[in-house]
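The next block holds one structure in the form of structure tokens; read it before the comments.
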Amino acid sequence: MVTHPSPGRSRVWLLWLGIATLLSVVAALAVALIEVRARVDLADALLPAGTAFATTFGLCLAVPAAVRELKRLGG
């Protein structure tokens, strides 16, 4: 039997994904700006900026799972 999440939980998850995306974009832009200010070509700044985006987004996706697990363990 397939259970669907409640509309409230779906809305919260979509909000969290939006926040994670925005935070990741800000991190990528900050790294790209630092790289460009250090006189690096724009093409060479894309790799560190993409890495910053991917790392930040991955960490943001891990937070809800960690919080859920801590709540489960705590009681």
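Here the structure is a predicted model, which means the values were calculated and not measured.
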### Query
Are Leu61 and Val63 connected in the hydrophobic side-chain network, where two residues link if heavy atoms are under 4.5 Å apart?
yes

### Query
Taking all atoms of both residues into account, what is the closest heavy-atom pair of Val40 and Ala45, and its distance?
CG1-N, 4.1 Å

### Task
Share the residues that join Leu42 in a hydrophobic cluster, the rule being Ile, Leu, Val, Met, Phe, Trp or Tyr side chains under 4.5 Å apart at the heavy-atom level.
Val36

### Message
With salt bridge (Lys or Arg N to Asp or Glu O under 4.0 Å) as the rule and sequence neighbours excluded, what pairs involving residues 61-70 come up?
### Response
Glu69-Arg72

## Note on the structure
side-chain contact (heavy atoms from CB on, under 4.5 Å) filter on Ile34, not counting sequence neighbours, yields none

### Summary
Ala32 and Ala49 have their tightest heavy-atom pair at CB-CB, 4.0 Å

### Query
Hey, what else clusters with Leu23 if you join Ile, Leu, Val, Met, Phe, Trp, Tyr whenever side-chain heavy atoms sit under 4.5 Å?
none

#### Entry: Hphob cluster co-occupancy, Leu29 + Phe53, side-chain heavy atoms under 4.5 angstrom
yes

### Query
Please, which pairs that meet side chain to side chain donor-acceptor pair (under 3.5 Å) have at least one residue in residues 39-50, sequence neighbours excluded?
none

### Separation between CG of Leu22 and OG1 of Thr56, rounded to the nearest 0.5 Å
12.5 Å

Donor-acceptor contacts, no H, no angles, side chain residues 12-21, under 3.5 Å, sequence neighbours left out:
residue	atom	partner	partner atom	Å
Trp16	NE1	Cys60	O	2.9
Thr21	OG1	Leu17	O	2.8

